[in-house]
Amino acid sequence: MTTSANANHKTGSLATALPLATGKHSNAFTAAQLETFFAVADTVFPALTGDDALTDLTYDLQHQLGPKTREEWDDIIRYAMECPSQSDEFRENAPRKLQKSLTKAQFSELTFLLDMLGNKAGSLVLCGTLTPFHQLPLSERTRILQSWKNSSISIFQKAFKGLVPLVHFHYSQTRTFQRGIGFPSLDSEIHCPERFGRKKFHKFKFEDLSKVNEITVDVVIVGTGAGGGVTAKTISQWAQHHGKKLSVLVLEKGRYFPHEDLTMTEGEAAEAMYERGLVMASEDGGVSFVAGSTFGGGTAVNWSASLETPGMVRREWAEEFGIEWYMSQKYHESLQRVQRRMGVSAAHMEHNIPNQLLITGAKKLGFSISDVPQNTGGMKHACGYCGSGCRYGEKQGTGNSFLVDASKAGVRFVQETFVDQVLFNEEASGTTWFPGGKKRRTAIGVSCLIGNEHSKTGRLRVKINAKKVIISAGSIHTPAILLRSGLKNPQIGANLRIHPTTFFYGFFPPSKQVPTNPYLGPILTTVITETASLSPPPYSHYGSRVETPSMQPSLGLAQIPWNSGTEYKKLFALYTQCVSVFSIARDGRRPPPTASSTSGGVLLPGSTNPTLSPEPDCGRVKLDPDSRLPLVTYTLTPEDRESLVQGLVVAAQTLISAGASMLAPNCRTGRIYHVPEDDNPSSSHGGVNNPAFRLWLDDFSKTASQPGQLLVGTAHQMGTCRMSSIPWEAADEYGAIPATSTEWVGYLVANAAGGVAGGNGAPKKPGKPGAVDLEGRVYGVDGLWVIDASVLPGATGVNPMVSVMAVADLLSRQVVERWEREDYVGGEGVGAFAGPAASVDDGMLRAKM
């Protein structure tokens with residue numbers, strides 16, 4: 001048996017079908033489009049060159065920022081006098097990153113808008129003038145953006161909400177911007193001996209597959225995040241403990257960065273460690289997506305927050321989906337086990353100033369607030385730059401914990417590997433009988449592309465044969481892989497939940513805290529739960545929470561409201577006195593039941609309410625018809641918007657009680673609130689009881705509740721291959737059916753009166769159908785598991801990392817328990833991983849045929 005050499009296997013059709021995956025991009029701006037784009041950027045962030053404008057700005061800032069050094073004032077003035085088109089960084093990086101990150105459809109929309117603005121006819125439609133946008137004076141361009149912002153016409157709203165955030169995202173990553181607002185681009189302790197210099201970190205080794213067409217292993221795991229990392233550890237340590245020569249290969253789409261390389265600026269990290277360079281959005285642009293795309297997945301860029309699955313959520317999932325183990329001791333043990341491995345604790349936590357102010361404001365109002373445990377190995381971890389990876393190895397994401405254990409147990413890794421599809425053998429299954437006599441699929445490996453656009457040989461295709469295939473690519477890419485593989489279960493890609501999030505900003509006078517410096521200290525250490533259960537029964541566990549975000553400028557300041565360029569610049573200049581908080585909702589809340597809402601609802605065991613409303617179809621992951629990459633759709637429901645606004649109201653009240661002098665809401669047509677100079681918080685009519693504030697808050701909540709008013713983002717994606725005890729009923733040639741014929745017969749018997757067996761009654765077992773069974777096995781396929789956030793039946797309501805890890809711990813233990821019952825020995829790829837890691841050149845990776 002010899003290695004199948006890679007004589008010539010560059011990607012063919014897939015190279016053109018997957019431009020972002022291969023690094024080959026057809027997107028390109030014309031010179032005219034760039035001229036218009038830079039004119040828009042200069043309107044969003046205008047140069048304040050007039051003496052009056054600069055005088056007004058510096059006078060205001062002197063009173064609002066407090067003492068500054070001569071060098072700091074020079075940086076502020078330089079920032080004030082510059083516009084984006086004068087920044088070489090912006091001119092070079094913004095077009096390049098947009099061309100690389102946007103989908104073909106999104107790029108076409110953007111360039112179409114720029115073309116319209118750049119010609120007379122288009123400018124007449126969009127701007128009300130025959131003069132192209134870039135030829136208009138600043139005052140006219142400002143008026144046009146303001147008219148778009150306040151318009152009730154969706155095309156103008158979309159133009160505003162599409163252009164302004166893109167400009168902010170890229171210009172806020174420039175040195176002039178960051179120095180001008182007082183944000184240090186790099187953590188001041190990156191060379192600290194105690195935190196970095198004297199530490200020894202685990203050295204991962206990665207396999208080189210550039211010279212083979214095909215390899216064979218026992219188990220292939222796709223993904224290194226919360227699901228894949230825990231699964232790799234469990235399986236490898238089980239094999240090691242039982243003396244089994246099991247070859248396990250873990251594939252990662254992103255790149256591994258050793259700790260010494262984790263000195264990236266925010267812009268560099270966005271491009272290198274995040275999905276689509278942090279410029280990913282839903283199909284209609286209504287929701288911005290933040291998702292890790294690096295070794296360790298989302299756990300590498302998580303803000304350390306580590307919360308258990310709430311009890312009400314566990315109960316809901318057990319009852320509605322038949323997943324009884326959510327209410328079991330077994331799941332509790334998995335929760336405790338993963339937290340112990342990461343050293344989750346609040347014992348060594350120190351709140352930074354924004355979190356201290358959140359606590360102060362909440363306690364004054366009697367709001368429920370609690371500490372958020374951190375996965376920092378029981379150590380102090382005062383780092384506000386964790387969104388760019390943890391250089392110090394203190395945050396125990398999978399790259400500093402579970403993957404280290406897996407590596408020591410013999411697992412091998414391949415980075416920069418894009419899995420195109422799962423491979424199947426439709427004749428190999430030992431199970432021969434199924435309803436209708438349909439044959440069954442068996443997973444036999446994956447097809448993937450390795451390397452990147454900088455590789456000497458370009459991207460290469462490799463076939464990886466495996467007896468067991470585990471997909472842990474996350475809630476965006478896992479369903480995309482299964483859909484590209486030809487699976488037809490309608491639950492694959494459906495039921496997307498995202499914890500929609502929207503920001504709110506408070507600015508504090510120097511006398512309150514000098515200064516807030518929101519980039520310092522741990523990021524998210526407190527949570528207000530006052531609005532977590534404000535929804536009416538029976539969904540009282542749906543609602544929102546209020547927390548503090550990372551305050552790196554392109555992300556933490558992304559939803560600062562734009563009313564004019566001058567005001568916009570001034571708000572950013574107050575960064576060191578700013579506290580940002582966000583409202584985050586548990587989405588999927590149903591509308592109130594009505595007399596006609598009986599169809600499609602679910603009757604929970606013991607419930608006396610037969611009229612529960614159907615669950616909302618919030619979002620879905622599908623395939624882009626051009627690129628075959630994941631395309632996300634999501635619609636914020638009125639109920640979830642209400643939850644978000646409830647959280648924003650609490651955020652506003654908390655910030656005022658903490659001493660804020662100005663509030664800047666994320667609301668398209670909302671107004672900034674200035675606390676009256678004569679306000680006395682100690683009086684019965686001061687602070688949150690001030691008539692002016694109450695009037696403003698009432699107006700804000702009504703405005704924000706309207707569709708299209710809030711900018712919404714998400715860093716948590718869940719549910720797109722949800723688990724359920726109810727399989728999708730066979731509807732295509734292969735069908736989504738239980739994993740064995742014995743289980744199928746048992747299911748038919750248990751539901752003999754129901755539609756599954758051909759009767760007229762409803763199935764006896766309550767619940768909703770899913771994509772995978774209670775062990776994570778994909779319905780209708782042998783040898784294929786999904787273990788990641790996509791199997792969660794819905795939104796957790798809290799940061800899902802610990803929940804996903806606990807589910808992965810439990811499912812992977814069930815996997816090896818099944819293998820023990822089947823007496824699975826492995827050995828298909830033992831030669832590949834015997835002894836120390838070796839490259840393909842050493843002949844260590846074996847292939848059949």
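Being a predicted model, the structure only gives us computed values, none of them experimental.
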(message) If I compare all heavy atoms of Leu262 with all of Ser388, which pair ends up nearest, and what's the gap?
(response) CD2-O, 3.8 Å
(message) Could you measure the distance from the NE2 atom of His170 to the CG atom of Leu98? Nearest 0.5 Å is fine.
(response) 4.0 Å
(message) Against the six-membered ring of Phe196, is Arg391 placed for a cation-pi contact (under 6.0 Å from the centre, within 45° of the normal)?
(response) yes
(message) Under a 3.5 Å distance rule, please check whether Thr548 uses its side chain to pair with a backbone N or O of Asn355 as donor and acceptor.
(response) no
(request) Find the distance between CG (Asp88) and CZ (Arg175) and round it off to the nearest 0.5 Å. (result) 9.0 Å
(request) Dump the intermediate steps for side-chain contact (heavy atoms from CB on, under 4.5 Å) on Glu394 and Lys199, then the final yes or no. (result) CA-CA 11 Å; Glu394 295 164 356; Lys199 291 182 178 178; 3.4 Å; yes
(request) Return the minimal non-hydrogen interatomic distance between Glu266 and Ser554, and the atom names on each side. (result) OE2-OG, 2.6 Å
(message) Rounded at 0.5 Å granularity, tell me how far NZ in Lys364 sits from CD1 in Ile359.
(response) 13.0 Å
(request) Using the six-membered ring wherever Trp is involved, compare the ring planes of Phe206 and Tyr256 and label them parallel, tilted or perpendicular (cut-offs 30° and 60°). (result) tilted
(message) Keeping Asn352 on the side-chain end and Leu520 on the backbone end, is there a donor-acceptor pair under 3.5 Å?
(response) yes
(message) With a 4.0 Å cut-off on N to O distance, would you call Lys569 and Glu82 a salt bridge?
(response) no
(message) If I compare all heavy atoms of Gln559 with all of Asn666, which pair ends up nearest, and what's the gap?
(response) OE1-ND2, 2.9 Å
(message) Checking Phe572 against Phe45 for the ring pair (Phe, Tyr, Trp, His ring centres under 6.0 Å) test, could you report, in this order, the C-alpha distance in whole Å, the side-chain angles of both residues, the deciding distance, and whether it holds?
(response) CA-CA 10 Å; Phe572 286 112; Phe45 285 102; 5.6 Å; yes
(message) Could you measure the distance from the CZ atom of Arg497 to the OG1 atom of Thr714? Nearest 0.5 Å is fine.
(response) 12.0 Å
(message) A quick test of your reading: do over 12 heavy atoms of other residues, nucleotides or ligands sit less than 6.0 Å from CZ of Arg179?
(response) no
(request) For residues Glu252 and Ser293, report the shortest heavy-atom separation together with the two atoms involved. (result) OE2-C, 4.3 Å
(request) For Phe295 and Phe413, run ring pair (Phe, Tyr, Trp, His ring centres under 6.0 Å): C-alpha distance rounded to whole Å, both residues' side-chain angles, the deciding distance at 0.1 Å, then the answer. (result) CA-CA 10 Å; Phe295 191 73; Phe413 304 91; 5.6 Å; yes
(request) Indicate, with yes or no, if the rings of Tyr385 and Phe183 have centres closer together than 6.0 Å. (result) yes
(message) So that I can tick it off, tell me whether Arg78 and Asp75 are bridged by a salt bridge, with the cut-off set at under 4.0 angstrom between side-chain N and carboxylate O.
(response) yes
(request) Please report the closest heavy-atom contact between Trp303 and Pro549, naming both atoms and the distance. (result) CZ3-CA, 3.5 Å
(request) Could you tell me the separation between the CD atom of Gln86 and the SG atom of Cys83, rounded to the nearest 0.5 Å? (result) 3.5 Å
(request) Take His499 and Asp587 through the side-chain contact (heavy atoms from CB on, under 4.5 Å) test and state the conclusion after the steps. (result) CA-CA 6 Å; His499 287 163; Asp587 51 334; 4.1 Å; yes
(message) Testing the basics here: between Tyr575 and Thr516, what is the closest heavy-atom pair and its distance to 0.1 Å?
(response) O-OG1, 4.2 Å
